[in-house]
2 protein chains.
Amino acid sequence: MSRVTIAEVARKAGVSPTAVSFTFNRPSELSPATVRRVLAVAEELGYAPNPHAKALHSSRAGAIGMLVPEDISDAFANPFYAPFVRGVGSICDELDLSLMVVSPHEGSLEKGITKAPADGFIVLGAGEKHPDVSPLYRRRVPFVIVDGDAEKAPSVNVEDEKGAHEAASRLLARGHTDILVMTFLNPRSQLVEAPFHDIASRRQSGYMRAFEEHGVAWGEAPAEAKQCSIEGGDERMKAAWSDGHRPTAVLCAADALAFGVLLAAEKRGVRVPEDLEVVGFDDVPEAALSRPALSTVRQPIREKGRIAARLLTEALDGGGSSPRSIVLPTEWVPRRTTL
Amino acid sequence: MSRVTIAEVARKAGVSPTAVSFTFNRPSELSPATVRRVLAVAEELGYAPNPHAKALHSSRAGAIGMLVPEDISDAFANPFYAPFVRGVGSICDELDLSLMVVSPHEGSLEKGITKAPADGFIVLGAGEKHPDVSPLYRRRVPFVIVDGDAEKAPSVNVEDEKGAHEAASRLLARGHTDILVMTFLNPRSQLVEAPFHDIASRRQSGYMRAFEEHGVAWGEAPAEAKQCSIEGGDERMKAAWSDGHRPTAVLCAADALAFGVLLAAEKRGVRVPEDLEVVGFDDVPEAALSRPALSTVRQPIREKGRIAARLLTEALDGGGSSPRSIVLPTEWVPRRTTL
DNA sequence: CTAACATACTAAAAGCCTTTAGTAAACTGT
DNA sequence: ACAGTTTACTAAAGGCTTTTAGTATGTTAG
């Protein structure tokens, strides 16, 4: 019933367990005949080294973890994740690693990170000062922060504030005064005092600065979608309408929300961009394909994933070098949801 | 430098390693005072049990593997994966498991499965008879097959042939005679003789049956995209045009391809659906949002992921029950890319 | 006051592999 | 024919935890 072990192979092949281990790891130490025999027996028995035992010994599991700030199921509702995973995955493919998606077990990032058998982690959406992240420093597991402030750990970020500022400026320059700003709830930020610089609030401050510069009142708090997803944006837009809001433009802190807004507008017969201009943030691949094509702020998502993974693998085997904080540029991408 | 071990905590707390283990796993065996003391020391030292050692002992890593048939980076170019991961992830969230994405290391599914520290695997896109999959039976690792034939292992599939047949019939019923059929290359099917029932060929046979029924010549081999992605579809469509093809409709074996076709048509000024009708397969979330909205065959992707994960976790801890083969229904979803 | 039993804790084994240090045999050179 | 080396292999330790079986103390009951 149980797995085939090295001892069984050794016994059946008439050699020591060491010889079996050598067969797989250092065949040059053995005579070709022995290697062949052991290989044949291993094949016959269906033996493969137990990855846990291997990892225990080498402290290498051959997997890197991606710690998402919410349930896996919710996270992947955000189209941001697919290209990000492609970026991280490209490094995994190169280095023959697996990619482990870990969510905060029982609500705690720290629990997730200590339970999961990964060699290191890419922590998404929570800065170094976040109460859930700071304990990770004492753990010996290397990690890199993505979309969060960091000094002690390597990090990858984009020009959120600047990109958001530009997007808002474009809209304001055309004279809009009733702009609905839609952000999303960071599932981790509930736990922590302001100012907590998650991407939603960074983008929000970019919008605010533009509003100030254009002398447009910021109004109350922005509309906050429950989830950063198409549904989340759709529902939040509907709620805004029910509350009597009739904005002439919507600034969305994520493309996913913008897609939801597009859908909500369509259902209501509101024409985009004539009656309602819509702007997103991220430039996920779907943005070029949406109906109408979405005007948005591009961040190099795949590149971000690649760099994060690269930084992590460097920390994993080089280790020593000083932590690098990388900030990637954003770019305004006008398409068809703006005039 | 290295991780804090149970022994260090034990020494510092003045107890045996057993007591430390009990503190975390069976605190009722210890006096409350001891538990508190050990906990304090553990906290101070930043100790957490080594997941590899734990996994070695319990043969449980707390992770389920998703074995994709190609590089991770290529796989996630297909919008099918996001909702599928959401489905699998919902079970992981429920059961506090991590989700491990594993690609065929060095080209071999078997290698991937034996290297990755996961408790079981969801194998995508390769049937039981596939030469890469059959050796897995001898390994003691439980797995479930998705989108592949299986008798001995549990499996989840959809009515590929039937769904494809319906899609083709709708098109043919309107009198099209020059339909471009676009499928994609299954990265694993290269290795194996026909008939290998991957989803691309299942869908293809559905198309063929409809062609026969309508007395329309099937022509040569269908157009095969290099990758099941938007780019793949785009490029393949361009190539078809360069070759002088001027179809009045395109049947795509995946939505991803259809999106590519839409983009290619737009660039060329071909109107959809007036000049070119386009049909996809999958009904990924983007299909409702594309320009124009995509007519397609729905398969319940998230449900598929949920069921696969459920089947796997059942095999993981119940084990005994007979393997179940589940076939999910498909449904024709007309939108705006067909007349 | 002793047998029976909890309670609080520990020593040692088991889980499976890799690696280090070492042995026995075969070979080399003189 | 013998010291020195290489080849082919093995025993045992180590990596970190959990669990089983057991010990020492204290408590209760008869």
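Reminder, nothing fancy here: chain letters follow the sequence lines and each chain counts from 1. Computed from a predicted structure; not experimentally measured.
Partners of Arg139(A) according to the salt bridge (Lys or Arg N to Asp or Glu O under 4.0 Å) rule, which considers only residues two or more places apart in sequence or in another chain, are Glu110(A). Applying the salt bridge (Lys or Arg N to Asp or Glu O under 4.0 Å) rule to Lys12(A) yields the partners Glu44(A); only residues at least two apart in sequence or on another chain are considered. In terms of the salt bridge (Lys or Arg N to Asp or Glu O under 4.0 Å) criterion, Glu151(B) has no residue partners (sequence neighbours excluded). Partners of Arg306(A) by salt bridge (Lys or Arg N to Asp or Glu O under 4.0 Å), not counting sequence neighbours, listed by chain and number: Glu94(A). Not counting sequence neighbours, the partners of Asp74(B) by the side-chain hydrogen bond (donor to acceptor under 3.5 Å, both in side chains) test are Gln227(B).
Rounded to whole Å, the distance from CD on Glu8(B) to P on dG15(D) is 11 Å. The NZ-P distance, from Lys115(A) to dT17(D), rounds to 16 Å in whole Å.
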Considering only distance and modelled atom types, tabulate donor-acceptor pairs under 3.5 Å from the side chains of residues 18-31 of chain A, sequence neighbours left out.
residue, atom, partner, partner atom, Å
Ser21(A), OG, Asn25(A), ND2, 3.3
Thr23(A), OG1, Ala19(A), O, 2.7
Asn25(A), ND2, Ser21(A), O, 3.1
Ser31(A), OG, Thr34(A), N, 3.3
Ser31(A), OG, Thr34(A), OG1, 2.9

Sugar-phosphate means primed atoms, P, OP1 and OP2; the rest is base. With that split, encode nucleotides 8-19 of chain C 5' to 3' as B, S or - using protein heavy atoms under 4.0 Å. -SBBB-BBBSBB
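End-to-end axis angle of the helix from dC1(C)-dG30(D) to dT30(C)-dA1(D), from C1' rotation axes over five pairs per end: 40° (rounded to 10 degrees).
Evaluation of the side chain to side chain donor-acceptor pair (under 3.5 Å) test over residues 57-68 of chain A, restricted to residues two or more places apart or in two chains, returns none.
Centroid-to-centroid, the aromatic rings of Phe84(A) and Phe76(A) stay 6.0 Å apart or farther.
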